[in-house]
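The structure under discussion appears below in the form of structure tokens.
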2 protein chains.
Amino acid sequence: MTSSPDGDTSQTTAETTTVGASASPVPVRRMRRAERREQILDAATRAFARAGYAATGLDDIAAEAELTRAMLYRHFDSKADLYRAVLDRACLRLADATGADDFDEHAIPALLRAAAADPDGFRLLFRYAAREPDFRDLIDSITAASREVAHRNLARRIPAGPWLDWAADLIPAFTLDAVIAWLDAGQPDPGPAADRIAAAVHGVMAAAHPHP
Amino acid sequence: MTSSPDGDTSQTTAETTTVGASASPVPVRRMRRAERREQILDAATRAFARAGYAATGLDDIAAEAELTRAMLYRHFDSKADLYRAVLDRACLRLADATGADDFDEHAIPALLRAAAADPDGFRLLFRYAAREPDFRDLIDSITAASREVAHRNLARRIPAGPWLDWAADLIPAFTLDAVIAWLDAGQPDPGPAADRIAAAVHGVMAAAHPHP
DNA sequence: CTACTTATAGACTCTCGCGTATACAAGAGA
DNA sequence: TCTCTTGTATACGCGAGAGTCTATAAGTAG
């Protein structure tokens, strides 16, 4: 505000640009549409993963992407549209990496691979999006499927009732917690990590049923 | 501007009330300050627990409390002030109910009692407030203490390093997940619930260390 | 009865952030 | 060289929601 272009307000034809001309030889990186779009999605994922949808402004995202807010609207219709795109891509990557498995032995290694490949997307999905009423539907299919699989597996040992429901809710949530904690701990030794998490899940399952 | 209070400004004495006079014999419940304040905190806890701070408007809270928005300002300076009061009270209740225990045998029963006594506050604290940068500090002392205790207990069996940190992060988070899942399942059998959760925590701890 | 407190109702201002529009610069390909 | 695309910079419209104010009513205590 202090250095506003004042004085000759009526003839602002080329005057305004003289300031930037001498300033910096900024390369002004140009990208083609698809490339830029992906870069925006990357930046938006990072920005949203810090504080969720409501607490993240378009200015934050633009700054993260090192772009103008106007550019965001050349690629996405609205903030909600951008967020959905971010979430969709994260879901897609997750599905690709895990490969629609049925919670068999190599489900946890796949989950770790997916989380390591896109940590921000992973955290965004399960730490924020899962709690946001307007967008929960995007990942509800995933969480519902997990709960369903857990429910089916546990039904062999736990009689139907609130305790079965409790365990079927808890085990997927715990698995995600364990993966996120692993991300937060710096992603040490993916192989042993999978073993430990699998063992922990097994321990929870053992504790979940009445047990003789 | 269109319906400015003009014309008969001096004689709007009883005209406006004639409408309400025949409408309903609304008791217009009156409370004394402290009482009303608690009731507002109850309502705000419920409202915030549905969608978190940002997504909850003062109108939502006023509606939940069956009050006018103006009344909220007679008891709290701002929305943030109200939220802090809600969180503070929930923290206080939690501390009272658990009694600053050191994760010994009866820590989990105490946690279940606390959660059952104030389910909305419990969910609000650990499902939303823990993720909100502006307010996380209010419960950080609690989470930090839990992690500290877990860290100390686990250090006897797990060598220092990322795996110890991972386990110390994971076990408190898992315990809270288990309690919330128990709330969501309808709070069946508090006694056995504590046993199952304790057993599950034990299972996770067993899996967390390299183990012979 | 009088005065105080608790309450309603609704209009008003102000700020913030989404979304739009315009003018201009410059790299890339024809 | 001419043009299309990508990009900057900036200003403005607009709605939603926070926070304020006034007028009025009615329980309650002295």
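Hydrogens, waters and symmetry mates are skipped; everything else that's a heavy atom, side chains included, is used. Here is the naming used below: chain letters follow the sequence lines, and residue numbers restart at 1 for every chain.
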* Asked: How many Å lie between CD1 on B/I40 and P on C/dT6, as a whole number?
  -> 11 Å
* Does A/D77 or B/H75 map to a spot on DNA chain C nearer the 5' end, using the closest nucleotide for each? -> B/H75
* What's the verdict on side-chain hydrogen bond (donor to acceptor under 3.5 Å, both in side chains) for A/W163 and B/D189, showing C-alpha distance, side-chain angles and the deciding distance? -> CA-CA 10 Å; A/W163 288 112; B/D189 323 294; 3.2 Å; yes
* Asked: With nearest nucleotides of DNA chain D determined for B/S78 and B/R74 from heavy-atom distances, which residue corresponds to the more 5′ nucleotide?
  -> B/S78
* **Given D/dT10, C/dG19, D/dG19, the nucleotide with the shortest approach to the side chain of B/L58** => D/dG19
* To do: Find the distance between CG (B/D177) and CD1 (A/I171) and round it off to the nearest 0.5 Å.
  => 12.0 Å
* Position toward the 5' end of DNA chain C (nearest nucleotide), B/L67 or A/G57 -> B/L67
* To do: Taking only the side-chain nitrogens and oxygens of A/R69, find out if one of them lies under 4.0 Å from OP1 or OP2 of C/dT20.
  => no
* Structure fact -> B/R33 atom CZ is separated from C/dC4 atom P, nearest whole Å, by 17 Å
* Compare all side-chain heavy atoms of B/R136 with those of B/R131 and state whether any distance is below 4.5 angstrom. => no
* To do: Mind calculating the distance between OH (B/Y53) and P (D/dA18) to the nearest angstrom?
  => 8 Å
* Asked: Using the benzene-type ring in the case of Trp, are the ring centres of A/F48 and A/Y83 under 6.0 Å apart?
  -> yes
* Asked: Which residue lies toward the 5' end of DNA chain D, B/A54 or B/R32, if each is placed at its nearest nucleotide?
  -> B/A54
* Give a yes/no on whether any side-chain N or O of B/R36 is located under 4.0 angstrom from OP1 or OP2 of C/dA7. => yes
* Distance in angstrom units between A/D134 CG and C/dC18 P, rounded -> 15 Å
* Asked: Does A/T68 put a side-chain nitrogen or oxygen below 4.0 Å from OP1 or OP2 of D/dT8?
  -> yes
* **Between C/dG19 (C1') and A/Y73 (OH): distance, integer Å** => 5 Å
* Asked: C/dA7 P sits how many Å from B/M31 CE, rounded?
  -> 7 Å
* Asked: Roughly how many Å is it from CG in A/D59 to P in D/dA9, rounded to a whole number?
  -> 13 Å
* Nearest to the side chain of A/M71 - C/dG19, C/dA7, D/dT8? -> D/dT8
* To do: Kindly indicate whether the side chain of B/D184, heavy atoms from C-beta on, has any atom under 4.5 Å from the side chain of B/R123.
  => yes
* Once you round it to whole Å, what is the distance between P of C/dC18 and CZ of A/F76? -> 15 Å
